[in-house]
Number of protein chains: 2
Amino acid sequence: METRELRYFVAVAEELHFGRAALRLGIAQPPLSRAIGQLERRLGVTLLERTSRTVALTEAGTVLLREGRAALDAVAAAERRTRRAALGAAELVLVTKAGASSELLPRLLDAYAAEPGSVAVDVVLCGIGQQEGLLRDGRADVALLHLPFDSTAGLDFEELGTERQVLVLPAGHPAAARESLTMAEAISVPGLPPPRWPGSDGPGPEIRDHAQLLQLIALGRASAVLPASVRSQLRPELTTVPVVDAPPVTTVIAWPPHSRSRPLALLIRTATRL
Amino acid sequence: METRELRYFVAVAEELHFGRAALRLGIAQPPLSRAIGQLERRLGVTLLERTSRTVALTEAGTVLLREGRAALDAVAAAERRTRRAALGAAELVLVTKAGASSELLPRLLDAYAAEPGSVAVDVVLCGIGQQEGLLRDGRADVALLHLPFDSTAGLDFEELGTERQVLVLPAGHPAAARESLTMAEAISVPGLPPPRWPGSDGPGPEIRDHAQLLQLIALGRASAVLPASVRSQLRPELTTVPVVDAPPVTTVIAWPPHSRSRPLALLIRTATRL
DNA sequence: CTAATTGATACCCGTGCGGTATCGATGCGC
DNA sequence: GCGCATCGATACCGCACGGGTATCAATTAG
């Protein structure tokens, strides 16, 4: 199977429409129909059920969509990492959620920079849930993740530390006076609904990163249960209340398997020793 | 980057010889040279240093070899899993080292078969260190691994249990009378050298799986430190002595990320409940 | 019943992949 | 030192295949 065929199939499978998929791919519709047909014939598998009005994935098509995306990511990662390796510009790209790990990250960067043999670290801040994608397709080398929110599926990782969670809310709110809260109480604070995380549907604005989230809380429009370390970066108008039964959050440093370059290994070792 | 280009590059990078690589690929040498040249030009990267007598990998080439193999595995996995999904023959392929987990595996298979909604499980026994490859390229769905010997790099896994290690040796040997041994003593038992594991070099025969290993020990030609559960399958002429300071062995059930099909999830759940 | 939409088919053209023949460079034997 | 063998690169050629346009066939909305 060629990557071109995979790209074509993934486009059609995502659009469920040959015309739109062809447009997205920058080719005409007939060659696309033919390519998919050839792919199906070569695999001996029906990937799409199509009438002249609708296109639907078969069981096998669903599998190929998932696996094909992963394969395309792997190819893209190979290309990106090769290019970066050739630049000789030995540097690491570290990705973390904007607004998260604000306490740990500077310490890590300082400690790493002080190590002999360390290289430049490019810090990329991204939205929630995007880190794994960046690692998988080679745009990043290493990430700080927070279990159990982020998934380490397909990644190697080391635990860096665990912290309890607190409810973040405006200082003036009645609930701010409480000594502690339960999870049930925290998610039902009057007037301060929990934010809508990406992927979930529902009313209200969807937040994209921690900075947005804190702003939303400061506006008195939401509250959120977050790792205790956010306290170090809170503006004075925000306060926190411990949530006793919230699951503890584990910060981990994660990297793609089979990629422990020397600078990366050093960074990981530095992180675990903090 | 097309998979064809990746296949070509990996072949040359492994052979370090255009002629042999072309032979292996079933094409002539000139098109191969051209293809590699085009790939380098498109990437803007020198992958191979070549004189008219030698071919050597550059730094970037080393990266592309590693990443390219992973990407090709991912593509192969996509193809295999799609074909299998289309057969509709819902079945799982479980892979484990021949001779290992001989106690756990039957219990797991029995318990799983008794679950409603379980599917046929195809058990594949392979040599040491081959399981991860089978998982990565889609020939298997799930594996039983033994930490710290096997690597879980790039795999999801759940721990199933931990056991101590024992030295396995012929019953008649003087050391068999000992109550316990240290690791240092175990690997230097007179006349019974530890076997040569795949990947390491040295004198003596290289063993490929646990069955071979046990036979070698029965012949009085070797001894080995193995998980305590081997005792359940030892022939009477073999005996064991606890090794007090050997690292404990953890048996894990591992699977490729993003592939928790319903039957697989059930198998994993069954395993963790054993 | 007609028109619009959408995927499949027919046909043509040009790129590019693979083949053979050959060159140029390098190392080795005599 | 000279010829020879080895090996990668280059030149050139033919054809397969990917992509384009035009059109058909099937389905559905109005």
Side-chain angles (χ1 to χ4, degrees), chain A residues 1-62 64-65 68 71-72 75 79 86, chain B residues 1-62 64-65 68 71-72 75 79 86:
Chain A
M1 231 177 355
E2 292 302 312
T3 59
R4 183 182 49 83
E5 301 177 286
L6 271 181
R7 276 194 305 272
Y8 286 8
F9 173 74
V10 168
V12 175
E14 285 179 353
E15 301 283 349
L16 291 178
H17 190 291
F18 281 74
R20 279 197 301 274
L23 201 64
R24 196 172 109 184
L25 293 166
I27 64 172
Q29 169 260 320
L32 181 56
S33 285
R34 254 195 340 199
I36 301 291
Q38 281 178 14
L39 178 60
E40 287 180 313
R41 237 174 304 124
R42 272 217 290 270
L43 289 174
V45 168
T46 303
L47 300 169
L48 300 163
E49 289 301 345
R50 30 218 197 269
T51 70
S52 67
R53 304 297 290 179
T54 69
V55 176
L57 281 171
T58 62
E59 190 75 22
T62 307
L64 185 57
L65 176 57
L72 289 176
V75 173
E79 192 165 335
Chain B
M1 231 179 354
E2 293 302 313
T3 59
R4 183 182 51 82
E5 301 177 287
L6 271 181
R7 278 194 305 272
Y8 286 8
F9 173 74
V10 168
V12 175
E14 286 179 352
E15 300 284 348
L16 290 178
H17 191 290
F18 280 74
R20 279 197 301 274
L23 201 65
R24 196 173 109 183
L25 292 166
I27 64 172
Q29 170 259 320
L32 181 56
S33 286
R34 254 194 343 199
I36 301 291
Q38 281 178 15
L39 178 61
E40 287 180 314
R41 237 174 304 125
R42 274 217 289 268
L43 289 174
V45 169
T46 303
L47 300 169
L48 299 164
E49 290 300 347
R50 28 215 197 275
T51 70
S52 66
R53 303 300 290 179
T54 69
V55 176
L57 282 170
T58 64
E59 192 74 22
T62 308
L64 186 57
L65 176 57
L72 289 177
V75 172
E79 191 165 335

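Here is how names work: the chains are called A, B, and so on, in the same order as the sequence lines, proteins then strands, and each is numbered from 1. Quick caveat: nothing in here was measured; it's all calculated off a predicted structure. When reading the values below, keep in mind they use all heavy atoms of this one structure, side chains included, and skip hydrogens, waters and symmetry mates.
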Using a distance-only criterion (donor-acceptor N/O pair, under 3.5 Å, no hydrogens), is the base of C:dT9 paired with the side chain of A:Arg34?
no
What is the distance from CD1 of B:Ile27 to P of D:dA16, rounded to the nearest Å?
18 Å
Give a yes or no answer on whether the side chain of A:Thr62 reaches the backbone of A:Thr58 with a donor-acceptor pair at less than 3.5 Å.
yes
Between D:dA9, C:dT6, C:dA8, spot the one nearest the side chain of A:His17, thanks.
C:dT6
Nearest to the side chain of A:Pro31 - C:dG19, D:dG8, D:dG20?
D:dG20
Please give, in whole Å, the distance from D:dC17 P to A:Arg42 CZ?
9 Å
Does A:Gln29, at its CD atom, have more than 12 non-hydrogen atoms belonging to other residues, nucleotides or ligands within less than 6.0 Å?
yes
Rounded to whole Å, please give me the gap between CG in A:Leu48 and P in C:dG7.
10 Å
B:Arg53 has its side chain closest, among D:dA9, D:dT6, D:dT21, to D:dT6
Gap between atoms CG and C1', on A:Leu25 and C:dG7 respectively (whole Å):
16 Å
Atom CD of A:Glu49 and atom C1' of D:dT27 are separated, to the nearest Å, by 16 Å
Below the 4.0 Å mark, does D:dG18 have OP1 or OP2 next to a side-chain nitrogen or oxygen of A:Arg4?
yes
Where each residue is assigned the nucleotide of DNA chain C containing its nearest heavy atom, which of B:Gln38 and A:Pro30 is assigned the position nearer the 5′ end?
A:Pro30
Tell me whether the OP1 or OP2 atom of D:dC7 has a side-chain N or O from B:Arg50 closer than 4.0 Å.
no
Rounded distance [0.5 Å steps], CD in B:Glu2 versus CZ in A:Arg7:
5.0 Å
Please determine if A:Glu14 and A:Arg20 form a salt bridge, counting it only when a charged side-chain N lies under 4.0 Å from a carboxylate O.
no
Between atom CZ in A:Arg41 and atom P in C:dA8, what is the gap in whole Å?
11 Å
Rounded to whole Å, CG of A:Leu32 lies from C1' of D:dG19 at a distance of 11 Å
Indicate, with a heavy-atom threshold strictly under 4.0 Å, whether A:Glu5 touches base, sugar-phosphate, or nothing.
nothing
Testing the basics here: between B:Phe18 and B:Leu32, what is the closest heavy-atom pair and its distance to 0.1 Å?
O-CD2, 3.4 Å
Atom-pair distance (CD on A:Gln29; P on C:dT9), nearest Å
11 Å
Under 4.0 angstrom between B:Ser33 side-chain N/O and D:dA9 OP1 or OP2
yes
